[in-house]
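Computed over heavy atoms, backbone and side chain alike; hydrogens, waters and symmetry mates excluded.
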Amino acid sequence: MINEQALLQQLSLGDRQAFAAIYEEYGAGIYNYLLKFTKDPLLTEDLVHDVFLKVWEIREQLNVTSSFGAYLYRIARNTAITQLNRISL
């Protein structure tokens, strides 16, 4: 198990290795979660990249007091819903 708080602190400083460790820890789970929404592997890959890009972009503002995993899955869910709504228009 990773030390989330230490990784998040390193991530907030722009540490690419911390980002890679977070991606390694959560990437496959996020993919499987999003695939249930999209039923499309290619779209799901794009959404996973969007989720982690968002994490990188907001890294300095991250202030997760409980579970980072839950926070990340919420970002993933919101990203999927937004994208699926765009596609359906």
Going by atom type alone, with no hydrogens or angles, which donor-acceptor pairs under 3.5 Å involve a side-chain atom of residues 9-24 and a protein atom two or more places apart or on another chain?
from : atom 1 : to  : atom 2 : distance (Å)
S12  : OG     : Q9  : O      : 2.6
D15  : OD1    : Q17 : N      : 2.7
D15  : OD1    : A18 : N      : 3.0

Which atom of Y26 lies closest to which atom of G69, heavy atoms considered: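 Closest approach of Y26 to G69: CE2-CA, 3.7 Å.
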At what distance, to the nearest 0.5 angstrom, does CZ of F68 lie from CG of L8? 5.5 Å
With sequence neighbours excluded, what pairs up with Y71 under the ring-ring contact (aromatic ring centres under 6.0 Å, His included) test? none
Donor-acceptor contacts, no H, no angles, side chain residues 39-52, under 3.5 Å, sequence neighbours left out:
from : atom 1 : to  : atom 2 : distance (Å)
K39  : NZ     : K36 : O      : 2.7
D40  : OD1    : L42 : N      : 3.0
D40  : OD1    : L43 : N      : 3.3
T44  : OG1    : T38 : OG1    : 2.5
T44  : OG1    : D40 : O      : 2.8
H49  : ND1    : E45 : O      : 3.3

Working for side chain to side chain contact (heavy atoms under 4.5 Å, CB included), residues L34 and I30: CA-CA 6 Å; L34 290 175; I30 295 292; 3.8 Å; yes
Restricting to side chain to side chain contact (heavy atoms under 4.5 Å, CB included), what partner residues turn up for I81, sequence neighbours left out? R77, N85
With the 4.5 Å side-chain cut-off for hydrophobic clustering, are L53 and V55 part of the same group? no
Give a yes or no on whether I75 and L62 share a hydrophobic cluster (residues Ile, Leu, Val, Met, Phe, Trp, Tyr; joining criterion: side-chain heavy atoms under 4.5 Å apart).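 Per the 4.5 Å side-chain linkage, I75 and L62 are co-clustered.
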